[in-house]
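The block underneath contains the structure these notes are about, expressed in structure tokens.
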Amino acid sequence: GIALTIPVYAQSTAQSASPLGNKGAGKTETALGDLVADSMRAMLRTDFAFVSASELKPKDPPIPAGAVSSSDIAALISYTDDPLAVLELTGKAIRQALEKAVSIHPQPNLGFLQVSGMKFSFDPSRNAGDRVISVLIGSASVDDNRTYTVAVTNSMANGALGYWKVWTNDNVIRRIADANIEKAVEKYFTSNPKIDYNNLDRITVK
């Protein structure tokens, strides 16, 4: 038989200093979650990015350190055709989103959020809705009254996984039909041929 090669659209490759796993993404930060969130934030030039656990497939064992291609990452995206969008949210709404993400911890939550552009800590021994202790941008706390831009997928922008309780269509400032997670990762690898997600320090459980 004749071997058919299927061309991969604009595949790009990076050298990863760390394994890229996505184990327990419903309750803990993952290297894959960080990478995808960073890619979306870089492509849409937003302050933050949110990626829900449901949007990335579990990966255990992880993709080993070394050469990784954007198609390796694309294989782990749950909804490859889902376009990207930009939300405008107050710091207060960002806190509410994070509270929702950690509300049933340590139970896994499809709405648990992987993040870019911020670090947050939470205490699961506290009551749901009052678990997030700190949300930092750099070394400063997020400002409840300030408005920030957040990169998400279109389904998240539409309030999937109960996030309609935190934002509405009025918060959506852009929907980008020809952008998706896969394209964001391709572009990110082209700009960042060396990546390192050894340090998972964005989400801290107290």
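For the numbers below, each heavy atom of this structure counts, side chains included, while hydrogens, waters and symmetry mates do not.
Looking only at distances, no side-chain donor or acceptor of Asn171 sits under 3.5 Å from a matching main-chain atom of Leu87. Under the 3.5 Å distance criterion, the side-chain polar atoms of Asp72 are matched with a main-chain donor or acceptor of Ser69. At distances below 3.5 Å, not a single donor-acceptor pair connects side-chain atoms of Trp167 with backbone N or O atoms of Val172. Judged purely by atom type and a 3.5 angstrom limit, Ser12 uses its side chain to pair as donor or acceptor with the backbone of Glu186. Distance alone, capped at 3.5 Å, places no donor-acceptor pair between the Ser71 side chain and the Ala74 backbone. Side-chain N or O atoms of Thr46 include none that pairs as donor or acceptor with a backbone N or O of Val150 at under 3.5 Å. Put simply, the side chain of Tyr163 never gets that close to the backbone of Lys100: no donor and acceptor are under 3.5 Å apart.
Minimum heavy-atom separation, Ala128 to Ser103: CB-O, 3.7 Å. The two residues Ser18 and Asp196 make their nearest non-hydrogen contact at OG-C, 3.9 Å. The shortest non-hydrogen separation linking Ala157 to Ala85 is CB-CB, 3.8 Å. Smallest separation of non-hydrogen atoms from Ser52 and Gly111: CB-CA, 4.4 Å. Heavy-atom minimum distance, Ala25 versus Ala53: O-CB, 3.4 Å. Annotation for Ala177 and Pro83: closest pair O-CB, 3.9 Å, computed over non-hydrogen atoms.
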| task | Check the pair Arg202, Ser116 against side-chain contact (heavy atoms from CB on, under 4.5 Å), reporting the backbone distance first and the verdict last. | result | CA-CA 8 Å; Arg202 300 179 188 183; Ser116 175; 4.0 Å; yes

Leu98 and Met118: side-chain contact (heavy atoms from CB on, under 4.5 Å), yes or no, with the steps? CA-CA 11 Å; Leu98 297 176; Met118 69 166 69; 3.9 Å; yes

- Apply side-chain contact (heavy atoms from CB on, under 4.5 Å) to Ile133 and Phe122, showing your working. CA-CA 5 Å; Ile133 299 163; Phe122 70 98; 5.5 Å; no

message: For a side-chain contact (heavy atoms from CB on, under 4.5 Å) check, start with the C-alpha distance between Glu29 and Gln114, then their side-chain angles and the critical distance, and finish with the verdict.
response: CA-CA 6 Å; Glu29 179 183 358; Gln114 305 291 321; 4.0 Å; yes

| Where do Glu182 and Thr80 land on the side-chain hydrogen bond (donor to acceptor under 3.5 Å, both in side chains) test, with the steps shown first? | CA-CA 7 Å; Glu182 185 177 356; Thr80 45; 5.6 Å; no

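Hydrophobic clustering (ILVMFWY, side-chain heavy atoms < 4.5 Å, transitive): Trp164 and Tyr79 are in distinct clusters. The hydrophobic cluster containing Ile104 does not contain Val132, counting ILVMFWY residues as joined when their side-chain heavy atoms lie under 4.5 angstrom apart, directly or transitively. By the rule that hydrophobic residues join a cluster once side-chain heavy atoms approach within less than 4.5 Å of another member, Phe48 and Leu136 end up as members of separate clusters.
For residues 136-157, the salt bridge (Lys or Arg N to Asp or Glu O under 4.0 Å) pairs, not counting sequence neighbours, are Arg95-Asp144.
In this structure, CD in Gln107 is found 7.5 Å from NZ in Lys27, a value given to the nearest 0.5 Å. Atoms CG and CG, from Asn154 and Asn180 in turn, are 11.5 Å apart once rounded to the nearest 0.5 Å. From Thr190, atom OG1 reaches atom CD of Gln11 across 10.5 Å, with rounding to the nearest 0.5 Å. A distance of 5.5 Å separates CG in Leu89 from CD1 in Ile94, rounded to the nearest 0.5 Å. In this structure, Arg131 CZ and Arg126 CZ are separated by 10.0 Å, a value rounded to the nearest 0.5 Å. The OG atom of Ser139 sits 10.0 Å away from atom NZ of Lys119, with the distance rounded to the nearest 0.5 Å.
Using cut-offs of 30° and 60° on the angle between ring planes, the pair His105 and Phe112 is tilted.
In Lys57, the NZ atom is crowded: over 12 heavy atoms of neighbouring residues, nucleotides or ligands sit closer than 6.0 Å. Heavy-atom neighbours of Asp201 CG from other residues, nucleotides or ligands within 6.0 Å: above the threshold of 12. The local environment of CG in Asp60 is crowded, with over 12 non-hydrogen atoms from other residues, nucleotides or ligands closer than 6.0 Å.
Two residues are said to be in side-chain contact when any heavy atoms from C-beta on lie closer than 4.5 Å; Lys59 and Thr30 fail this criterion. Counting heavy atoms from C-beta on, the side chains of Phe120 and Ile203 come closer than 4.5 Å.
The other members of the hydrophobic cluster of Tyr188, by chain and number, are Leu20, Leu32, Leu35, Val36, Met40, Met43, Leu44, Val51, Leu56, Ile63, Val68, Ile73, Leu76, Ile77, Leu84, Val86, Ile173, Ile176, Ile181, Val185, Phe189, Ile195, Tyr197 (side-chain heavy atoms under 4.5 Å, ILVMFWY only). Applying the 4.5 Å side-chain rule to ILVMFWY residues, one finds that Leu200 remains a lone member of its cluster.
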